[in-house]
Amino acid sequence: MAQSNFFLGKLVPTVKKITEKGIDLLAIILFSTLFLFGILQVFFRWVLNNPLVWSEEAIQLMYVWICYLGWAIAERKDSHIRITAVMNALPEKGQKWLQVFNHILCIVFSVLMVYYGIKLVGVGAKRTAVSFKLNYGVVYLMGPISNFIIIFYELAGLIECLTKGPRNYKDKGGDEE
């Protein structure tokens, strides 16, 4: 029992806090760099009439990473789009088991994404970017990493649902009532 309390009370919040800060920082750095590259691309193309060959591809690859990071951030904040009419119509016990099912489904999906993402990293390791030296395995690595983090967030949500009960989505706004 003491080991379970350590896991739920100390380890999970610590790991969650570290991953949250890391993901947020990486997202800020990537988005700022993407924005800077976009400004440079426009400036070089239209003002200097000498376009940067590598900037468009770099922006596209950073955008892939930003999308995966955004997915993890939305998962962490439990802010994905959802239709709550059915959930809100159920009694609390039904809501709990529907949310448990949802967490398990997301975990299974993310496990599959990690598995096939690792395979994709292997395939990408054989390719490099066209306009600069970057192995595509590095780009594809964000898929398994972000899905591994999503698995962690979903497990934390599952444990919370089982121990504290279902989340109440009636106060999230919208037309649920």
Side-chain angles (χ1 to χ4, degrees), residues 1-35 37 57-84 87 95-130 132-169 172:
M1 190 66 163
Q3 192 175 25
S4 175
N5 287 340
F6 171 76
F7 180 75
L8 294 175
K10 303 265 189 225
L11 186 63
V12 170
T14 303
V15 171
K16 189 174 180 189
K17 187 176 181 180
I18 291 169
T19 59
E20 286 174 2
K21 285 184 178 187
I23 288 171
D24 291 349
L25 181 64
L26 186 57
I28 290 167
I29 290 169
L30 284 173
F31 192 77
S32 299
T33 305
L34 181 141
F35 181 75
F37 284 3
E57 187 173 21
I59 288 170
Q60 289 174 348
L61 299 177
M62 280 188 278
Y63 187 71
V64 170
W65 273 53
I66 289 170
C67 287
Y68 274 111
L69 290 172
W71 183 13
I73 290 168
E75 194 66 45
R76 171 180 84 212
K77 294 183 176 189
D78 195 30
S79 62
H80 283 291
I81 272 185
R82 64 178 48 87
I83 299 172
T84 59
M87 172 92 62
Q95 290 180 16
K96 175 181 179 178
W97 292 112
L98 186 58
Q99 288 180 27
V100 165
F101 175 72
N102 182 47
H103 287 300
I104 291 170
L105 202 59
C106 289
I107 291 168
V108 169
F109 178 75
S110 292
V111 165
L112 291 172
M113 289 288 288
V114 168
Y115 175 76
Y116 288 108
I118 290 170
K119 287 187 170 203
L120 190 60
V121 168
V123 171
K126 299 173 186 169
R127 295 182 47 210
T128 57
V130 175
F132 56 94
K133 290 207 177 246
L134 176 69
N135 188 306
Y136 266 90
V138 173
V139 177
Y140 296 153
L141 188 61
M142 184 45 94
I145 289 172
S146 66
N147 276 281
F148 183 75
I149 292 168
I150 288 169
I151 291 168
F152 175 77
Y153 289 150
E154 283 294 337
L155 283 171
L158 178 63
I159 291 167
E160 178 185 322
C161 185
L162 290 171
T163 57
K164 296 180 182 176
R167 288 192 178 182
N168 181 359
Y169 291 111
K172 295 284 187 182

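Here the structure is a predicted model, which is why all the values come from computation and not from measurement.
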**Report entry** Pairwise side-chain contact, E20 with Y153, heavy-atom cut-off 4.5 Å (strictly under)
**Finding:** yes
Report summary line: Contacts of Y116 meeting side chain to side chain donor-acceptor pair (under 3.5 Å) (sequence neighbours excluded), chain-then-number -> none
Report summary line: In terms of heavy-atom contacts, R76 and D24 come closest through NH2-OD1, 2.9 Å
Query raised in the report: Between CG of L30 and CG of L34, what distance do you get to the nearest 0.5 Å?
Result: 8.0 Å
Query - Donor-acceptor under 3.5 Å (Q99 side chain, C161 main chain) - result: no
Query raised in the report: Closest heavy-atom contact between I107 and I151?
Result: O-CG1, 4.3 Å
Query raised in the report: Roughly how far, to the nearest 0.5 Å, is CZ of F101 from CG of L158?
Result: 12.5 Å
Query raised in the report: G124 and N135: which non-hydrogen atoms are nearest, and at how many Å?
Result: O-OD1, 3.2 Å
Query raised in the report: Could you go step by step and tell me if T33 and F37 meet the side-chain contact (heavy atoms from CB on, under 4.5 Å) rule?
Result: CA-CA 6 Å; T33 305; F37 284 3; 3.7 Å; yes
Report summary line: Taken to the nearest 0.5 Å, the spacing of S32 OG from M62 CE works out to 10.5 Å
Report task. Would you give the length of the straight line joining atom CG of N102 to atom CD of Q95, rounded to the nearest 0.5 angstrom? Result -> 13.0 Å
Requested in this report: Provide the full list of salt bridge (Lys or Arg N to Asp or Glu O under 4.0 Å) pairs with a residue in residues 155-164, sequence neighbours left out, each pair given once.
Outcome: E160-R167
Requested in this report: Kindly indicate whether the side chain of L155, heavy atoms from C-beta on, has any atom under 4.5 Å from the side chain of H103.
Outcome: no
Output a table of donor-acceptor pairs, distance under 3.5 Å, between side-chain atoms of residues 138-150 and any protein atom two or more places apart or on a different chain; print 'none' if there are none.
unit_1 : atom_1 : unit_2 : atom_2 : d
Y140   : OH     : R127   : NH1    : 3.2
S146   : OG     : M142   : O      : 3.0
S146   : OG     : G143   : O      : 3.2
N147   : OD1    : S110   : OG     : 3.4
N147   : ND2    : G143   : O      : 2.9

Report summary line: To the nearest 0.5 Å, atom CD1 of I29 lies from atom CD1 of I66 at 11.0 Å
Query raised in the report: Under the side-chain contact (heavy atoms from CB on, under 4.5 Å) criterion, do K77 and I73 qualify, and how do the steps go?
Result: CA-CA 6 Å; K77 294 183 176 189; I73 290 168; 4.1 Å; yes
**Report entry** Exercise: identify the closest heavy-atom pair between E57 and V130
**Finding:** OE2-N, 3.1 Å
Query raised in the report: Going from CD1 on I23 to CG on L26, what distance comes out if it is rounded to the nearest 0.5 angstrom?
Result: 8.5 Å
